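Below, each value reflects all heavy atoms present in this structure, side chains not excepted, and no hydrogens, waters or symmetry copies. This one's a predicted model, so the numbers in the text were calculated from it and none came from an experiment.
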Amino acid sequence: MYGLWKPRVLGAWRMPATGPVILAVNHSHNIDGPMVMGVAPRPTHFLIKKEAFVGPLDPFLRGIGQLKVDRETTDRTAITQALGVLEGGGVLGIFPEGTRGEGDFASLRAGLAYFAVRSGAPIVPVAVLGSSRRSSRLVKGLPPLRTRIDVVFGDPFEAGDGSGRRTRKALDEATERIRKQLTAHLENARRLTGRTGDT
């Protein structure tokens, strides 16, 4: 990542040095996941759509510990693997919006709340800014080489209410708490980096 672009990493010290952690990353560009993997202070296992596991990328992604998920169904294998990462004290990376979009955390799926409440792992919000401003003339799917991309880590927070409940109501409430925290972090990250209105 550092060889191709110019990442500026802010707040990485906020990420707990040990124990299970969930990184909740905004997603507006293909490069967001690899960028976070490349600059995070700990190895990160992302839940990645199964469509990305094609050709030579399949053994590569598996080899670096990434988890294949089928977004069209309740993928019990992916859920078990993700919980295993957290039970083993590892770092799980999630795009809580479920798919690439505006990257503004406006619409969250319930998966992030489920993993956070079920495991008790703290969530660290991560904002990737500058990855989608413009495309490279050489490779349309990537930002131009040597572009500055900001990766801003936020303060860890708990998603649950402390009761340990995993009912639909509890998960809905946790999702709303998460949405507020992630939206606030994104606004702070934009101010901090001078990228107001940017993703």
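A salt bridge is absent between R190 and E187; no separation between the charged side-chain nitrogens and carboxylate oxygens falls under 4.0 Å.
Hydrophobic clustering of Ile, Leu, Val, Met, Phe, Trp and Tyr side chains at less than 4.5 Å, counting indirect connections, keeps V39 apart from L10. The hydrophobic cluster containing V25 also contains L61, counting ILVMFWY residues as joined when their side-chain heavy atoms lie under 4.5 angstrom apart, directly or transitively.
Looking at heavy atoms from C-beta onward, I48 lies out of side-chain contact with F95 at the 4.5 angstrom threshold. Looking at heavy atoms from C-beta onward, L182 lies out of side-chain contact with N26 at the 4.5 angstrom threshold. For the pair K50 and D75, the minimum side-chain heavy-atom distance is 4.5 Å or more. Within the 4.5 Å cutoff, the side chain of M37 has heavy atoms near those of the Q66 side chain. Here the side chains of D150 and L192 are not in contact, with every heavy-atom distance at 4.5 Å or above. Taking the side chain as every heavy atom from C-beta outward, L112 and T175 never approach each other to under 4.5 Å. The side-chain heavy atoms of L92 and L67, taken from C-beta on, include a pair separated by under 4.5 Å. Within the 4.5 Å cutoff, side-chain heavy atoms of L186 are placed close to those of L129.
Across all non-hydrogen atoms, the minimal contact from L86 to A121 is CD2-CB, 4.2 Å. Considering all non-hydrogen atoms of both residues, L83 and R118 come closest at CD1-NH1, 3.5 Å. Minimum heavy-atom separation, R195 to R148: NH2-O, 2.9 Å. Closest non-hydrogen pair, I123 versus A24, comes out as CG2-CB, 3.8 Å. Nearest heavy atoms, T44 versus G93: CG2-N, 3.8 Å. Closest non-hydrogen pair, K68 versus A78, comes out as O-CB, 3.5 Å.
Side-chain atoms of R14 never come within 3.5 Å of backbone atoms of P125 as a donor-acceptor pair (strictly under, hydrogens ignored). In terms of modelled atom types and a separation under 3.5 Å, the side chain of R177 and the main chain of A159 share a donor-acceptor contact.
For CD of E51, the number of neighbouring non-hydrogen atoms (other residues, nucleotides, ligands) closer than 6.0 Å is greater than 12.
For the atom pair NE2 of H45 and CD1 of I64, the computed distance is 10.0 Å after rounding to the nearest 0.5 Å. The NE2 atom of H185 sits 8.0 Å away from the CG atom of N188 when rounded to the nearest 0.5 Å. The NZ atom of K180 lies 12.5 Å from the CD1 atom of I178; values are rounded to the nearest 0.5 Å. To the nearest 0.5 Å, atom CD1 of residue I149 and atom CE of residue M35 are 3.5 Å apart.
For the side chain to side chain contact (heavy atoms under 4.5 Å, CB included) with F46, the lone residue among I94, V36, D32 that qualifies is V36.
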